[in-house]
**Q** 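Attaching a single structure in structure tokens format; questions to follow.
Because the structure is predicted, anything quoted here is derived from the model rather than measured. Excluded from the calculations below are hydrogen atoms, water molecules and symmetry mates; all remaining heavy atoms, backbone and side chain alike, are included.
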Amino acid sequence: MRRLSLEERLARFGADGLPLASADLECARARFGRWRDEIFGGREELFRLRLASIGLEPDRVLPYLVCPAESSPLRSTRSSDAWIGHASRAIEEHLERLARASTGLEVDVRSVLESIVTPIRELVDRRSRPALVRDLRRRKIAGDLVGATPRERWLGFVRGESGRVLGELPVLERALDEAADRAVRAFGELVERLAGDLERLRDRFALPARDRLVGVEARLRELHRGGRFVARLRLASGSDIVYKPRPPACEARYQDLVAWLGERWDGPELRTQHLLDRGAYGWFEFVREAPCSGPAGAGDYHRRLGAQLALAHLLAAIDLHMENVVASGDHPFLVDLETILQPAPRLPPGTRPADLETAVLTELVAGTRLLPTRFGGPLGSVDIGGTSGRGQERFPFPVPKWESEGTDEVRQVEGEVILPPAANLPRLGGARLGPEGHEGELLEGFESAYRLFVRRREELGRRLAGFAGAPVRWPARTTGEYVRVLDESFAPEYLADAIDRDFLIDVLWLGVERRPHLAPIVPSETRQLLAGDVPIFTVRADSRDLDDPSGAACLGFFERSGLERALDRLGAMGEDDLERQVHAIRASISTLREDV
């Protein structure tokens, strides 16, 4: 019972809920008061809106807030090692089937298994460690730990007591069960798709007839759509490919536009990123960072970058920050284009758009985030712009970190993090080049592409119509916001009863006061977070309706579709607007010189 969220209790027990004894009623009233007064801060209207989102009124909530008391916590038969062992065995079976089924593709089972099990182990550890450390600290104070050294005491505690801790925290036990199962399912799906697409992949990416899969790099920090993840498949030949478990139609159309532009403009050749569109998912060429060929190549790089900036601006793209650009020789590549063709949200009258929406709605090139973009917080600011972010700067927010890991002295502290350099800046002679040294070439490329769009406006409009039906991602909030809430929800105080975890995640509702148009999607955000996913929402390029991974739609959520915005922007292009965009580019790049 304690494993069930509020929405799950409603589904299981129906409109009347559980009968309440007098003790249950007193506890339920106390919990209700804390929820309304501490979580929502007495915001009665907002609290009622939250209850209405799941079909409840305040006078009908109490029967769902208390579960029958359990006589004593059950000792879990599972442990971190058990979850890892379960996942490892299942993934090994998938790999062995792949090795038997694939003609010409050998599989280094041991190496690939370790490469995928390692991030699963890190995921399980990240979610269970806060609870284990809290109990470890209590037992250390009581003098109950056994062992001669801090390491021995930690190992003895984990081996002997983790089952008891998990038994006391059924929400955590359920979450780890589901995390391991979802990782296995997602990897099994990847393997099945790889086996079925192998011949197509050889043809599309000119892979060698015989190759060897030696590793899979998966990002389990940001799971979406039922625990699915982006993965890089490492091949012995070096012809690595990237698997993305989402529809790649918008990225395919973008590459078509790059090819169209390259055939018509008067600048240097434009290279496209090869991909294989399989409808619900796609395979992508892995673009490797490489230095420029020389000074002339660096100039051409920035001309190409200017053309890509013009195209991204036309397509109302956002989120093209430093991690989404790769400088590969004399060619810039935009490698994550799921946030092009951003629609315009339907904001209530008098609403002040939030920062993200300001970027989406702006008619200036700065909205793409390809240009210098300062991201600020209590520790300062850092440039994350796609053309300018250098890394090696302090992240502007303190980041939780573990000290003395693997010992009974382990503790969590907040510390500073230095962002590593990304692959977004071209290199020449060991130096990383920013746009401030090649402003002329970047503007030359931008103006050339822009004027081509104007000259071929009608033809380009027909090309843009080809994006109709392609899903794009709409970021309701930043990934960082979601990750912070998700991580905090694994603090042990929220893991004994799922209702407490519900209350924590209700912090999302507080943002509705400032952004009321988000109210319809908070229930979906909550469900996705409770499942362990970073919430994701999509919209078809020509639609005004918002979709979530379950298939539910918010009809008429947007004022204008992304395709409408792009066509409007194309129609408004001209010399006056070009002058305005060039001025914005110059002003943005000038900030880099001021920082020197």
Side-chain angles (χ1 to χ4, degrees), residues 1-2 4-11 13 15-18 20-67 130 171 345-357 377-378 397-398 414 476-478 480-530 535 554 557:
M1 281 294 301
R2 290 189 294 159
L4 299 181
S5 68
L6 178 58
E7 195 167 16
E8 289 172 328
R9 295 180 191 193
L10 279 165
F13 300 112
D16 296 327
L18 288 169
L20 294 175
S22 58
D24 291 333
L25 183 60
E26 182 179 348
C27 176
R29 283 174 174 163
R31 179 175 272 185
F32 177 84
R34 180 169 64 86
W35 187 18
R36 181 193 58 202
D37 299 333
E38 296 181 18
I39 305 301
F40 280 85
R43 298 174 177 87
E44 192 67 32
E45 184 177 346
L46 191 61
F47 184 57
R48 286 180 174 275
L49 184 63
R50 190 270 187 262
L51 294 178
S53 73
I54 52 174
L56 279 178
E57 294 289 340
D59 59 358
R60 292 180 49 223
V61 175
L62 296 185
Y64 304 97
L65 295 187
V66 175
C67 287
V171 180
R346 187 183 299 279
L347 303 177
T351 300
R352 180 180 179 180
D355 291 344
L356 177 60
E357 290 152 353
F397 291 89
E414 285 196 339
R477 310 176 202 255
T478 68
E481 288 179 88
Y482 286 134
V483 169
R484 282 192 293 274
V485 173
L486 185 58
D487 284 349
E488 189 175 351
S489 76
F490 281 95
E493 56 265 35
Y494 306 118
L495 300 176
D497 191 316
I499 293 295
D500 294 320
R501 199 161 177 239
D502 273 329
F503 289 176
L504 169 73
I505 292 175
D506 273 353
V507 69
L508 297 177
W509 281 98
L510 304 185
V512 170
E513 283 189 316
R514 187 168 58 96
R515 304 169 71 189
H517 62 288
L518 294 184
I521 70 169
V522 178
S524 178
E525 290 179 305
T526 300
R527 285 190 292 271
Q528 293 182 64
L529 284 167
L530 289 175
C554 291
F557 187 86

**Q** Closest heavy-atom contact between Pro535 and Glu525?
**A**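 Shortest heavy-atom separation between Pro535 and Glu525 comes out as CG-O, 3.6 Å.
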**Q** Please walk me through it: do Trp35 and Leu6 pass side-chain contact (heavy atoms from CB on, under 4.5 Å)?
**A** CA-CA 12 Å; Trp35 187 18; Leu6 178 58; 3.6 Å; yes
**Q** Quick one: closest heavy-atom pair of Leu529 and Tyr482, and the distance?
**A**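 Closest approach of Leu529 to Tyr482: CD2-O, 3.9 Å.
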**Q** Please check if the side chain of Arg477 supplies one atom and the backbone of Leu508 the other of a donor-acceptor pair under 3.5 Å.
**A**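 Confirmed, Arg477 side chain pairs with Leu508 backbone.
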**Q** Can you establish whether the number of heavy atoms outside Glu414 located under 6.0 Å from its atom CD is more than 12?
**A**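 More than 12 within 6.0 Å, yes.
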**Q** Is there side-chain contact between Val171 and Tyr494, with at least one heavy-atom pair below 4.5 Å?
**A**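 SC-SC contact between Val171 and Tyr494 ruled out.
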**Q** CG/Leu51 to CH2/Trp509 distance, rounded to the nearest 0.5 angstrom?
**A** 9.0 Å
**Q** Which pair of non-hydrogen atoms, one from Val512 and one from Ala519, has the smallest distance, and what is that distance?
**A**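 Closest heavy-atom pair between Val512 and Ala519: CG1-CB, 3.8 Å.
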**Q** Please check: side-chain N/O of Arg43 versus main-chain N/O of Leu510, any donor-acceptor pairing under 3.5 Å?
**A**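 Checking the backbone N and O of Leu510 against the side chain of Arg43, no donor-acceptor pair under 3.5 Å is found.
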**Q** Assess whether salt bridge (charged side-chain N to carboxylate O under 4.0 Å, His left out) is satisfied between Asp497 and Arg9, documenting all intermediate values.
**A** CA-CA 12 Å; Asp497 191 316; Arg9 295 180 191 193; 2.8 Å; yes
**Q** Over all heavy atoms of both residues, which pair between Leu495 and Ser489 is shortest? Give the atoms and the distance, please.
**A**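 Taking every non-hydrogen atom into account, CD2-O, 3.4 Å.
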**Q** Is there a side-chain contact (heavy atoms from CB on, under 4.5 Å) between Leu504 and Asp500? Walk through the geometry before answering.
**A** CA-CA 7 Å; Leu504 169 73; Asp500 294 320; over 6 Å; no
**Q** Under the criterion side-chain contact (heavy atoms from CB on, under 4.5 Å), I'd like the reasoning laid out for Phe40 against Leu49: C-alpha separation, chi angles, the key distance, then a yes or no.
**A** CA-CA 11 Å; Phe40 280 85; Leu49 184 63; over 6 Å; no
**Q** Check the surroundings of atom CD in Glu57: do more than 12 heavy atoms from other residues, nucleotides or ligands lie under 6.0 Å from it?
**A**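 No.
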**Q** Determine, stepwise, if the pair Leu530 / Asp502 fulfils side-chain contact (heavy atoms from CB on, under 4.5 Å).
**A** CA-CA 8 Å; Leu530 289 175; Asp502 273 329; 3.4 Å; yes
**Q** Considering non-hydrogen atoms only, spot the tightest contact between Arg31 and Ile499 and give its length.
**A** NH1-CB, 3.4 Å
**Q** Check this for me, if you would: do Arg484 and Glu488 make a salt bridge, where the nitrogen-to-carboxylate-oxygen distance has to be below 4.0 angstrom?
**A** no
